[in-house]
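None of the values given here were measured: they were computed from a predicted structure. Whatever order the structure lists them in is the order used to number ligands and atoms, beginning at 1.
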Amino acid sequence: MDFRPRIKETRWDHRREEELLKRWEEEGLYDFNPSSGRPIFSIDTPPPYPSGPWHVGAAAHYAQIDMMARYHRMKGYEVLFPFGVDRNGLPVEVQAEREYGVKAHEVGRERFLELCAQFLDRIERSLVHIAWRLGLSCDLKNYYRTDSPEFRALTQATFIELWRRGLIYEASRPTSWCPGCRTSIAEAEIEYEERSAELVYIKFKLKEGGDPLVIATTRPELLCTCAAVIYNPIDERYTHLEGLKAIVPIYGQEVPIMAHSYAKPEFGTGLVMVCSFGDYSDVRLFRELKLEARIAIDADGRMNSLAGPYAGLSVEEARRRIVEDLESQGLIERRERIIHRTPVCWRSKDPIEFIATPEYYLKQVEFIPRLLQVIDQVVFYPPEHKQLLVNWIESIATDWPISRRRFYGTEIPIWYCKACGKPHLPPPGRYYRPWKEPPPFERCDCGSREFVGEERTFDTWMDSSGSELYVTGFLRDEELFAKAFPCSLRPQGVDIVRTWLYYTLLKALLLFDKPAFRYVRLSGMGLDERGEAMHKSKGNVIYPEPVIEAYGADAFRLWSAAESKLGSNYRFSESHVKAARLFLTKLWNLSRFISSFPKPSSGFKLTKLDLVALAELNRLIEECRGAYDEMDVYVPANAIREYTWSFLADHYVEAVKPRAYGTESSSFTEEERLGAWYTLHVCLETILRLLAPICPFITDALWRSLKQGSVHKQPFPDVNPEWGMGPLRETRLLKEFNTAIWRYKKANKQPLTAPLDATVYAPPELADLARDLQAMHRIKDLRFSPPPPSALQLGPAVYVEPRRQA
Ligand SMILES: [Zn+2]
Ligand SMILES: [Zn+2]
């Protein structure tokens with residue numbers, strides 16, 4: 001018989017991946033069909049922010065999301081796998097200003113928005129291209145943009161609905177403000193950094209006379225806003241001060257001295273000056289002590305007129321100068337360096353200031369108990385990461401400020417009556433731009449016909465927290481929305497649990513009293529080879545294109561899966577991508593070998609060895625299903641590689657070669673020979689289907705040359721109860737036996753295929769495999785009885801007795 005492989009190409013050329021991409025597109029392989037009758041599995045793909053191209057870590061994360069989509073498609077779901085680009089927000093304004101050398105205030109709002117869009121388009125093209133090249137089976141033809149009129153209309157509609165329900169209010173309370181980004185920011189966007197600061201001990205005179213008080217502060221530039229001095233009620237050093245007044249140096253205002261437990265006796269001198277506002281505790285104290293706030297810092301992070309001689313200086317400069325002045329007046333007792341937990345902006349890392357600006361707030365504090373109940377209906381992978389969200393929710397103390405004084409964002413849809421100031425909201429449905437459009441109504445209740453449009457935009461999380469509503473068709477396709485919401489899966493990184501995940505769950509709760517998702521998959525971060533986060537500023541960014549060019553998207557994807565334990569950080573390593581590539585070569589060679597034999601559909605008989613291979617295959621199927629069901633790709637990637645390479649190729653294939661080719665046919669029946677062919681094909685076809693979500697290219701290329709159609713239209717493999725279930729003891733013994741014999745032949749400088757003219761003693765559990773083992777190693781005499789004392793031990797239970805020379 002002629003055994004020529006049906007797979008002609010001797011090696012896998014990863015340039016063929018692009019051919020397959022085109023073919024998939026032509027065949028509409030991944031098109032979403034809402035009326036297929038299958039259950040819908042919807043994925044709220046994270047819309048990437050086009051502030052720069054993806055690094056390998058980000059690309060790996062998207063590849064993993066694609067694996068989830070492909071697995072669920074094979075499980076029989078109609079998978080809604082959209083792609084979107086998140087285009088709202090501040091970073092693009094900063095980038096556009098830098099890129100085009102303009103200032104937003106100077107070029108005019110309209111022109112500035114054009115420049116931002118131009119910048120976004122360019123980066124976006126590169127993102128969409130790499131998403132395509134990676135083989136993401138999402139809808140790249142119809143990807144959405146969060147700055148499109150449709151998306152922004154949805155953001156505005158949800159705002160209008162929340163307004164109607166009384167969940168929005170405007171308040172002029174001190175909000176955290178980033179002077180670098182020139183906008184108020186939410187608690188969720190504040191990080192704390194241990195920074196070095198100077199603690200200055202300042203002398204305050206008592207109005208009533210006597211020794212001066214010494215008060216330590218890290219914010220001497222806020223002296224002008226000092227409204228009280230406090231001490232701890234248990235601090236006996238100061239109880240005599242109750243009711244007295246202190247005189248603030250430089251400015252001379254008289255402030256009350258009072259007891260309050262916020263003052264810590266062990267910090268500084270135990271006395272605290274209460275200013276508006278160094279941090280959140282100041283804000284709370286002011287409210288509690290009913291003090292009048294006086295704001296000394298403006299939106300640029302400069303001191304205003306309240307600061308007197310320091311007006312116009314930056315906060316740092318004012319601090320330096322006021323310390324000099326206090327020093328020259330002999331009002332400083334001492335200065336010391338301390339490490340201070342400083343609130344900073346998560347984007348620009350500028351220290352946060354608190355300034356009072358009127359902002360819109362969305363109520364959240366009162367919904368915390370309900371939200372904690374609702375997230376109990378969501379399944380988290382890995383389960384322990386749920387705690388990240390719970391901890392955050394439990395720490396929330398203020399409502400969400402949702403208005404921003406920025407440009408490239410969704411406009412807040414409000415017009416105000418010029419006469420009475422009443423806010424008017426339009427009906428939901430379309431996208432409104434109040435700063436440039438006439439209002440869609442004629443007159444106010446007060447009779448006035450003049451309106452002025454709101455100029456502010458929303459916090460960008462107001463947009464992105466509606467992504468799951470947008471992709472499931474809310475307000476656009478009610479039929480789809482009814483079927484696809486709550487969204488099945490939210491895959492995202494752990495770094496945006498407090499923002500994207502939290503806000504999305506909050507909004508869905510407020511609008512529908514439902515969890516937004518059934519499953520949340522939280523992945524770790526992709527790091528560089530040394531385990532550090534990749535940043536342009538650090539110069540350690542690795543881009544995926546050259547890696548894919550060199551090794552192919554499948555190798556990159558296999559690396560991504562095999563390296564990323566669910567929920568843990570993963571490191572990029574080119575040598576590991578190379579290793580992944582080697583496995584693909586091995587898979588190609590194995591498939592090519594198997595393609596030399598036809599697959600029999602009947603008339604075959606399985607030997608014990610075949611059943612061992614199939615029982616181990618069953619175990620592999622079970623392991624992969626269990627892991628994929630828990631959104632894990634790490635376990636399948638490694639288990640498939642282990643089975644294919646270290647069992648199937650190394651041991652089973654070597655063992656059945658003589659039977660499959662018929663070279664030692666005397667001891668095997670024709671049915672048994674067909675049994676080998678059958679087993680080889682079943683193992684290969686199963687491996688290709690198990691691996692298809694991770695390596696969609698090579699598996700499809702192989703499938704198409706062995707079978708009909710695409711592997712991606714195949715069902716995911718099921719356990720076959722007729723094969724038994726591994727792990728089997730025989731498997732380990734078989735591997736040990738083969739290894740021992742090969743080592744022995746090598747030591748005797750014999751080719752592995754040479755006849756072994758000896759008596760070999762094998763463990764009795766392998767007796768059923770006798771004929772395959774004998775044929776494989778060409779053993780003259782194979783026994784399963786205890787060896788004589790003279791026999792030479794080769795392995796744990798393998799002995800040999802060479803034939804005596806005649
Ligand atoms: Zn900032
Ligand atoms: Zn009015």
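- Figure legend: cation-pi geometry between R490 and W500, with NZ or CZ positioned under 6.0 Å from the six-membered ring centre and within 45° of its axis.
- The cationic group of R341 lies under 6.0 Å from the six-membered ring centre of Y192 and within 45° of the ring axis, placing it in a cation-pi geometry.
- Relative ring orientation between F277 and F286 is described as perpendicular, the plane-to-plane angle rising above 60° on a 0-90° scale split at 30° and 60°.
- Annotation: cation-pi geometry satisfied between K264 and Y262 (NZ/CZ under 6.0 angstrom from ring centroid, within 45° of ring axis).
- The distance between the ring centers of Y169 and Y360 does not fall below 6.0 angstrom.
- Annotation: protein N, O or S atoms under 2.8 Å of the Zn ion (ligand 1) (waters excluded) comprise C178 SG, C181 SG, C345 SG, S348 OG.
- Residues satisfying the side-chain hydrogen bond (donor to acceptor under 3.5 Å, both in side chains) criterion with R337, sequence neighbours excluded, are S196.
- In this structure, the side-chain hydrogen bond (donor to acceptor under 3.5 Å, both in side chains) partners of Y431, at least two apart in sequence or on a different chain, are R152, E411, R433.
- Checked against the 6.0 Å centroid threshold, F451 and Y416 do not count as a close aromatic pair.
- By the criterion of a separation under 2.8 Å, the protein N/O/S atoms near the Zn ion (ligand 2) amount to C417 SG, C420 SG, C444 SG, C446 SG.
- Here the closest heavy-atom approach between residue P179 and residue D350 is recorded as CD-CB, 4.4 Å.
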